[in-house]
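Heads up: the structure comes next, in structure tokens.
Small disclaimer: the values here were computed from a predicted structure and weren't measured.
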Amino acid sequence: MADELTPDEALDKIDYRPRSSSEPRNWLDTTKSVQIRPGMYCYAAKPESVETLGLPYAREWNPTDEDWKLPENWQEILHEGIKERLERFRTFKIFMDICVRCGACADKCHFFLGTGDPKNMPVLRAELLRSIYRNDFTFAGKLLKKIPGGKRLLGSREMSLEALKEMWYYFFQCTECRRCSVFCPYGIDTAEITIIGRELLNLLGLNIDWIATPVSNCYQTGNHLGIQPHAFKDMLEFFVEDIEDITGVDCTPEFQKKGADILFITPSGDVFADPGTYTCQGYLILFKYLKDKYGLDVTWSTYASEGGNFGFFTSHETMKRLNAKMYAEAKRLGVKWILGGECGHMWRVINQYMDTMNGPADFLEVPVNPITGTRFENAASTKMVHICEFTADLIKHGKLELDKSRNANRVLTFHDSCNPARGMGLLEEPRYCIKACADEFYEMPPNTIREQTFCCGSGAGLNAGENIELRMAGALPRANAVKYVHNKFGVNSLATICAIDRAALPTMCEYWVPEVDVIGVHELVGNALILPGEKERTEDLRMEPLPGVEEE
Amino acid sequence: MNQRYLIPLTAVFLLFLLAYAGVEGLGLQVVFGVLIPYLAIAAFVIGFVIKVKGWAASAVPFRIPTTCGQQKSLPWIKQNTIDNPSTSTGVFVRMLLEIFAFRSLFRNTKAAFNRNASNKLTYSFEIFLWVGALAFHYAFLVVLLRHFRFFTAPVPEVIQTLEYLDGIIQVGLPGLFISGPVLLLATLFLLSRRIFDAKVSYISQAADYFPLFLIIGIAATGIAMRYFTKVDIIGIKEMTMGLVTFHPHIPEEVGGLFYGHLFLVCILFAYFPISKLMHMGGVFLSPTRNMANNTRAQRHINPWNYDVPIHTYEQYEDHFRDKMIEAGLPVDKKE
Ligand code: HEM
Ligand code: SF4
Ligand code: SF4
């Protein structure tokens, strides 16, 4: 794109002292001039995609148009929608009531840190909706709106078209990463407010296309990318050929195999685009190894060929509708339990929502790793295990033969993805796997990892092309920390366990830290794992010469 | 100057004057000394109960704690049992730390961006908000508890001990209770953040300044009565005991300053349940903090979970059957 900002131009814009002299004194006033700026917003959902699931008010509309073609009674729809959600979600009600505006969350959001836009302070993002809540639902608000100037005192406002546009703009500038929630003295989770805010916007058909179309694809075709069953099989077989070239071993997977031990589900992004594809090859190698050595029978499914869940970024109901396939397919195939691949928001959904929404999974068994005998007590009810938990357990019991030297060209650091970090706590397992597969590993600074990790800036459905300025600004804090370890320790590889990261971080690195590669944890495993009967490998999964080989 | 703090400042000042003048000029002791205190307490209790019941009435459909440490997974990986609790004991400890030590606020950092050759974003430990908030709340608590000496006869042992401890650091002044000045200073600090920190000032509305001015007013009048003007403590105690025993009594020698103080306290009580001060109740109920992260181990029930239409495998196979057969994928029905 010609009008894209260079990194230097982007950096020039950052200023953490909100309120320029040109801005109104009270942020409530700025609603009169909502500027939906190209580069910062995503295109509107296509009507076809909204229709697939029968969601309301599918239509052509454009965010930068004056007229959003809203239904006549849109204010009433929103009012009723808020009311219903206040009853359904204690989080929502409490978070609307108790924020003291202490500002502890303000400079914790990567979008605020990257843009300096005061409305990207988590508290202000929430206030956009809270101001309407106060006006319509609280005693003080109802009282004060009768007095001239009273609304001002409380910071409340009417649900105007400008307020709606502003909410739309900023709820799609939040990646639902929960970093703000870690720092809030009451645990106010702006991600939760954004989730509910987007759910409200969806009542008016105001989704973005980068979410709506994957949702529609996933519903009908089985995965976000709309890969049809035969094509899905083709793509994996293509990887099988590559792996055979590299290792000499045929890793052909099973599909829809009834009575297999385990159903494996991973985000379709890893089937589709580099460098995720190498992680996908890592899975194939691992499963082949386990099959040959220990007789473990893993199956894939083209029906449940999506681990991710963009429904989560649409509404709770849509999330449930997409997620339902996992259990349905596990039941149909009669597997013992489900294994889930590397993905961020997928694991938030599995860890905190799936069993509640679509359980109980009483047709499955409590997951036991038949090779080590480990019973995954922490997954006793959902019956779904994270592949890093699974692999870490295998490594710990010495069940995998790993040759670290094949990853010796990689100086690694690890990016904790937001959802496994703050919606699960999967911190040590991936690190353990990485360290078993490679020698050189350095952590980024403590304020930027684990529960304080910074988002890639493209999560929660914002990984589109048209909002690249927003994405790069949001990625700045993450990139800055990567750059720090790159300069200090010569880190050249950023490991991650998320498919969105594998799609988003390469763009980030190219923009901010060009010398760093992005790599999935199971790509490292795939490189290091010594398959029974393999030929001497000269290339890694990227078909680049293995360390030490090029000199010969 | 800014309306957002001038209006609440003026309001607090006028409220004080109203009570002062009402008592000194119009002799409305009964209104400000009996009627309004009862109404304020009633408003506080009823408002508080309504609010908490309202929260409790809302469902908790999902168990969504914010996890701030290692989960419980494999036996050889050390779990962070407090920041990512999987049991109610862990949750209890987490909540204790949140409520009594403001643990989350303790994590606070301050971000800074240096636009220079290295373009570094830095995060420094920022403890002042935590210190200020803790000082404010504990001072408030101690002051509040010390006031129980006006409402109890004999004064319970604990209150006396608290008074003793509160008076232990006598900065050159015998009889100084440290909690009063700490309350005043901490409140002034929080106020100055709101005015001078650009980010906090941006998000603050009049409703955020009002309680701060109110508490400053209360603390200032309280300190004035205790250390500077002589108020008739015996008379006040007769009056306050009259209030708690429901035999209201108006003493002769108590002047407008006291009624002003009392009126501001009444306003604070009445304002409490309809404002953000309800965070005191809400913090206990916050689902991101008071739940265990064990949804994968124990199923959580959503009371309003309803059935949704899904795209079944049969529909999927019907749609793609030919392509699936051609690709050699297994199908349930052959045609
Ligand atoms: C369990 C009880 C409570 C907890 C855990 C708690 C915690 C907090 C925290 C962490 C803050 C944010 C820091 C700050 O802005 O100062 C705060 C602010 C505040 N709290 Fe509390 N609080 C509690 C009870 C109360 C009570 C009983 C009052 C009664 C007056 C109160 C009044 C305030 C006020 C006025 C502020 C805002 C300060 C400001 O505007 O900067 N809190 N509270
Ligand atoms: S940290 Fe929490 S209470 Fe403070 S401003 Fe942010 S959301 Fe509000
Ligand atoms: S959830 Fe993340 S992106 Fe959203 S406001 Fe909080 S810190 Fe920002």
Side-chain angles (χ1 to χ4, degrees), chain A residues 11 14 17-19 87-88 90-91 93-94 98 100-101 103-104 106-107 113 118 123-124 139-140 153-155 178 181-183 185-187 189 219 229-230 233 255-256 303 317 320-321 324 332 351-353 355-356 359-360 378-382 389 393 422 424-425 427-428 447 451 477 480, chain B residues 55 58-60 62-64 66-74 77 84 102 104-105 107-109 111 113 115 119 121 123 198-200 202-208 274 276 278-279 282-283 285-289 295-300 302 304 308 310-311 313 316 320 323-324 327 329-330:
Chain A
L11 291 174
I14 300 174
R17 292 155 307 167
R19 168 98 22 89
E87 283 156 20
R88 283 193 179 166
R90 188 180 295 168
T91 42
K93 206 177 209 174
I94 288 186
I98 67 172
V100 297
R101 287 165 290 285
D107 57 357
L113 293 173
V123 45
L124 213 101
F139 178 78
L153 297 177
L154 199 61
R178 308 187 105 193
S181 164
V182 169
F183 296 89
Y186 319 116
D189 182 6
Y219 193 68
H230 54 291
K233 181 164 179 271
F255 290 97
Q256 268 102 305
Y303 167 63
E317 185 178 300
K320 179 174 169 172
R321 291 174 70 181
R332 188 182 74 88
N351 189 50
Q352 298 194 323
Y353 297 91
D355 197 11
T356 301
N378 64 325
S381 183
T382 46
E389 295 169 341
D393 177 53
R422 288 184 283 261
M424 189 174 181
L427 306 174
E428 292 301 337
N447 283 317
E451 74 277 5
N480 222 262
Chain B
W55 290 333
S58 288
V60 184
F62 302 108
R63 208 182 289 159
I64 54 158
T66 310
T67 60
C68 298
Q70 172 61 38
Q71 66 166 352
K72 175 178 172 4
S73 69
L74 298 161
I77 293 179
N84 192 345
F102 298 4
S104 292
L105 200 58
R107 295 194 182 99
N108 198 19
T109 54
F113 176 65
R115 181 79 179 97
N119 288 321
L121 259 170
Y123 315 94
K199 295 191 292 300
V200 188
Y202 187 90
I203 58 181
S204 301
Q205 302 292 353
D208 299 306
I274 57 165
K276 68 174 191 179
M278 276 308 287
H279 66 271
V283 64
L285 288 175
S286 178
T288 57
R289 290 291 186 271
T295 341
R296 270 201 294 158
Q298 280 163 26
R299 181 157 188 255
H300 177 83
N302 172 2
W304 50 261
V308 293
I310 73 162
H311 193 69
Y313 177 78
Y316 172 84
F320 290 115
K323 289 174 174 168
M324 291 171 77
L329 286 165

Write down the atom of [X], the atom of [Y], and the distance for their closest heavy-atom approach.
{"X": "A:Val100", "Y": "B:Lys276", "result": "O-NZ, 2.9 Å"}
{"X": "B:Thr288", "Y": "A:Asp189", "result": "CG2-CB, 3.8 Å"}
{"X": "A:Thr91", "Y": "B:Pro287", "result": "CG2-CG, 3.5 Å"}
{"X": "B:Leu105", "Y": "A:Ala104", "result": "CD1-CB, 3.6 Å"}
{"X": "B:Pro330", "Y": "A:Phe255", "result": "CG-O, 3.3 Å"}
{"X": "A:Ser181", "Y": "B:Thr66", "result": "OG-OG1, 2.6 Å"}

Which region of [X], side chain (C-beta onward) or backbone (N, CA, C, O), has a non-hydrogen atom less than 4.5 Å from a non-hydrogen atom of chain B, or is it both or neither?
{"X": "A:Phe139", "result": "side chain"}
{"X": "A:Arg321", "result": "both"}
{"X": "A:Val123", "result": "side chain"}

[atom2] on [Y] to [atom1] on [X], rounded to 0.5 Å:
{"X": "B:Arg107", "Y": "A:Asn447", "atom1": "CZ", "atom2": "CG", "result": "11.5 Å"}
{"X": "B:Leu74", "Y": "A:Glu389", "atom1": "CG", "atom2": "CD", "result": "6.5 Å"}
{"X": "A:Asn378", "Y": "B:Thr295", "atom1": "CG", "atom2": "OG1", "result": "11.0 Å"}
{"X": "A:Ile94", "Y": "B:Ser58", "atom1": "CD1", "atom2": "OG", "result": "8.0 Å"}

May I ask you to name which of [options] has the most heavy-atom pairs under 4.5 Å with chain B?
{"options": "A:Glu87, A:Gln256, A:Arg178", "answer": "A:Arg178"}
{"options": "A:Gly359, A:Gly155, A:Ala140, A:Pro229", "answer": "A:Pro229"}
{"options": "A:Pro477, A:Pro360, A:Gly103", "answer": "A:Pro360"}

Chain A heavy atoms under 4.5 Å from [X]: which part of the residue, side chain, backbone, both or neither?
{"X": "B:Tyr123", "answer": "both"}
{"X": "B:Ile310", "answer": "both"}
{"X": "B:Arg115", "answer": "side chain"}
{"X": "B:Trp304", "answer": "side chain"}
{"X": "B:Gln298", "answer": "backbone"}
{"X": "B:Asn108", "answer": "both"}
{"X": "B:Arg289", "answer": "side chain"}

Residue, of B:Asn119, B:Leu285, B:Val60, B:Thr109, that accumulates the most heavy atom pairs under 4.5 Å with chain A: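 Option with the top pair count is B:Thr109.
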B:Ile64 side chain near A:Tyr353 side chain, heavy-atom distance below 4.5 Å: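 Yes, side chains in contact.
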Any donor-acceptor N/O pair, [X] side chain to [Y] backbone, under 3.5 Å:
{"X": "B:Arg299", "Y": "A:Asp355", "answer": "yes"}
{"X": "A:Thr356", "Y": "B:Phe62", "answer": "no"}
{"X": "B:Arg296", "Y": "A:Asn351", "answer": "no"}
{"X": "A:Arg422", "Y": "B:Thr67", "answer": "no"}
{"X": "A:Lys233", "Y": "B:Ala327", "answer": "yes"}
{"X": "B:Gln70", "Y": "A:Glu428", "answer": "yes"}

Whether A:Tyr186 and B:His279 hold their rings parallel, tilted or perpendicular, with breakpoints at 30° and 60°: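 The rings of A:Tyr186 and B:His279 sit tilted, inter-plane angle from 30° to 60°.
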